[in-house]
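Whatever order the structure lists ligands and atoms in, that order sets their numbers, starting from 1.
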Amino acid sequence: MSDSNFLQCAADTHVLSKEQIIALLRDDKYEKELFSTADEVRRKFVGDEVHLRGLIEFSNICKNNCLYCGLRRDNLKIKRYRMSPEEIVGLASRAAHDYGFKTIVMQSGEDLWFTPERLKEIISEIKKFDVAITLSIGEKTFEEYATYKEAGADRYLIRIETTDKDLYHRLDPDMSWEARKQCLVNLGKLGYEVGSGIMVGLPGQTMESIADDLIFLKEMNIDMAGIGPFIPHPDTPLKNEKGRAFNLSLRTMAVMRLLLPDINIPATTAMETLHPDGRIIALQCGANVIMPNVTEGEYRQLYQLYPGKAALNETPLYSKTNFGMRIEAIGRKIGTGYGSRKK
Ligand code: SAM
Ligand code: SF4
């Protein structure tokens, strides 16, 4: 028996001990086998379809001050924008009708201008386009989440970022890890498909804590897991940190696929930022979703969570045709349905 037989066992049982996870993350000893096993598990459980989600970044205004993020409120260098409801609905209409996206992801900073009433209107307008709607707009009350759900939102993405509470509280001043976890619980109770995830390579983050993160996401049985490398932004307090852990992010994502075989896992834009083919590589290591940006014009340049964000010049049409070709080149095909998790 080779000492990596536990990987084949995990492909069948979807169980790994914390020590085994750490061994898989720590170095590249098992990397090749980990990636091919995650790819096999992906094929078996979610098939060869790659689901494209059209991402609209509708406001870069944020009341929070996360140390890692270029949108944090104390970053005075960034030019702020907020799309009007008509602009958001117009973009969603083009993404759905002209480019055929079956899911629209609405993401923003925590911008209080978007009250539940305003968001409700926007969501119900977009829902008319026969699309699934994913929101990624941060921490809200149970009642607010309920309002969006009633208006037609199907899914919600809110990364836990890290399960190391001390690290979380150092990086997210004035925020509470327990409150963030409660958001995930509330979203689940309301019947959302719930997405969460983490950043990899945060300052002070250990392999042990990434292993804890993966175990947490499995225990929460989340439906989507966004795992991306932390990339330092020059106008934030973390500007001198290293981050940029491309391979470790891939390994983390691949382990996630073994632990939760049937969930949706995006190949993140942050991965493409660190490697010109980052998203296609991720698709071969366990991922099955890509979120092309359908934000247009100047706005796209202004939504800089981190510098050098990939795909700044990708138009929605380019995304569809270019991804179509790249996806086919690796023997996969673009998904035609909504791409929900089949529980
Ligand atoms: N404001 C909402 C929230 O925080 O949940 C949604 C938008 S926020 C910009 C989306 C995600 O971007 C965060 O959850 C975080 O993981 C990621 N992010 C922020 N800054 C980043 C950085 N410097 N490098 C990589 N990812 C980053
Ligand atoms: Fe705001 Fe989200 Fe950035 Fe934190 S990560 S500053 S909540 S946009």
Side-chain angles (χ1 to χ4, degrees), residues 53 55-76 78 80-82 105-114 119 134-140 144-145 148 155-163 167-177 179-184 187 194-203 205 210 213 217 222 224-246 248-249 252-253 266 268-274 278 291 293 295 299-300 302-310:
R53 326 282 203 203
L55 173 66
I56 301 176
E57 297 160 334
F58 65 92
S59 167
N60 72 354
I61 296 169
C62 191
K63 71 175 178 57
N64 293 336
N65 223 3
C66 309
L67 262 54
Y68 41 81
C69 179
L71 308 190
R72 65 197 302 271
R73 69 165 186 265
D74 282 358
N75 181 7
L76 302 179
I78 186 176
R80 302 283 173 173
Y81 73 86
R82 173 186 293 136
V105 183
M106 293 172 57
Q107 193 181 81
S108 70
E110 289 202 21
D111 179 352
L112 298 180
W113 187 87
F114 287 97
L119 276 168
T134 305
L135 298 178
S136 172
I137 57 177
E139 295 181 25
K140 308 284 171 186
E144 285 171 308
Y145 288 147
Y148 312 146
R155 309 178 185 141
Y156 205 102
L157 296 175
I158 180 162
R159 287 186 179 176
I160 196 72
E161 316 294 5
T162 171
T163 51
L167 179 60
Y168 182 87
H169 291 127
R170 279 202 302 281
L171 297 180
D172 298 76
D174 316 323
M175 291 171 80
S176 142
W177 188 88
R180 202 157 180 91
K181 180 184 170 195
Q182 190 59 44
C183 289
L184 291 171
L187 290 161
V194 182
S196 191
I198 59 161
M199 277 178 288
V200 173
L202 290 166
Q205 190 182 40
I210 299 176
D213 298 343
L217 295 169
I222 49 117
M224 302 174 268
I227 291 167
F230 156 63
I231 303 175
H233 188 296
D235 302 322
T236 64
L238 302 187
K239 63 181 174 205
N240 295 323
E241 300 295 340
K242 193 160 166 276
R244 310 179 72 86
F246 180 68
L248 178 58
S249 300
T252 308
M253 196 195 74
T268 57
T269 308
M271 287 183 178
E272 187 104 339
T273 303
L274 297 184
M291 292 168 39
N293 198 334
T295 311
Y299 297 141
R300 189 186 283 223
L302 298 177
Y303 198 86
Q304 293 262 3
L305 317 177
Y306 44 79
K309 196 162 150 226

**OP:** Check whether any side-chain heavy atom of L119 lies under 4.5 Å from a side-chain heavy atom of I137, and answer yes or no.
**Re:** yes
Subject >> Side chains of I231 and R244 in contact at under 4.5 Å (non-hydrogen atoms) >> reply: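 A side-chain contact under 4.5 Å exists here.
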Any sub-3.5 Å donor-acceptor pair from [X]'s side-chain atoms to [Y]'s backbone N or O?
X: N64; Y: C66; result: no
X: R300; Y: N293; result: yes
X: Y306; Y: A270; result: yes

**OP:** Going by the side-chain hydrogen bond (donor to acceptor under 3.5 Å, both in side chains) test, name the single residue among T236, D74, D172 that passes it with N65.
**Re:** D74
Original post:
What residues, two or more places apart in sequence or in another chain, satisfy side-chain contact (heavy atoms from CB on, under 4.5 Å) together with T134?
Top reply: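 Once residues adjacent in sequence are excluded, the partners of T134 under the side-chain contact (heavy atoms from CB on, under 4.5 Å) criterion are T103, V105, R155, L157.
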Original post:
For R80, what residues pass the side-chain contact (heavy atoms from CB on, under 4.5 Å) criterion, not counting sequence neighbours?
Top reply: N60, I61, L71, N75, I78
**OP:** Could you name the protein residues that come within less than 4.0 Å of ligand 1, counting only heavy atoms, and order them by chain and residue number?
**Re:** Y68, C69, Q107, S108, G109, S136, G138, R159, E161, R180, M199, P229, F230, I231, Y303, L305, Y306
Subject >> Positive for salt bridge (Lys or Arg N to Asp or Glu O under 4.0 Å) with D174, one of R73, R72, K63 >> reply: R73
**OP:** Could you point out which residue of Y303, Y299, F114 forms a side chain to side chain contact (heavy atoms under 4.5 Å, CB included) with F58?
**Re:**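 That would be F114; it is the only one of Y303, Y299, F114 passing the side chain to side chain contact (heavy atoms under 4.5 Å, CB included) with F58.
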**OP:** Taking atom 2 (Fe) of ligand 2 as the reference point, report whether a protein heavy atom occurs under 4.0 Å from it.
**Re:**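 For atom 2 (Fe) of ligand 2 the answer is no, since every protein heavy atom stays at 4.0 Å or beyond.
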Original post:
Excluding waters, which protein N, O or S atoms are within less than 2.8 Å of atom 3 (Fe) of ligand 2?
Top reply: C69 SG
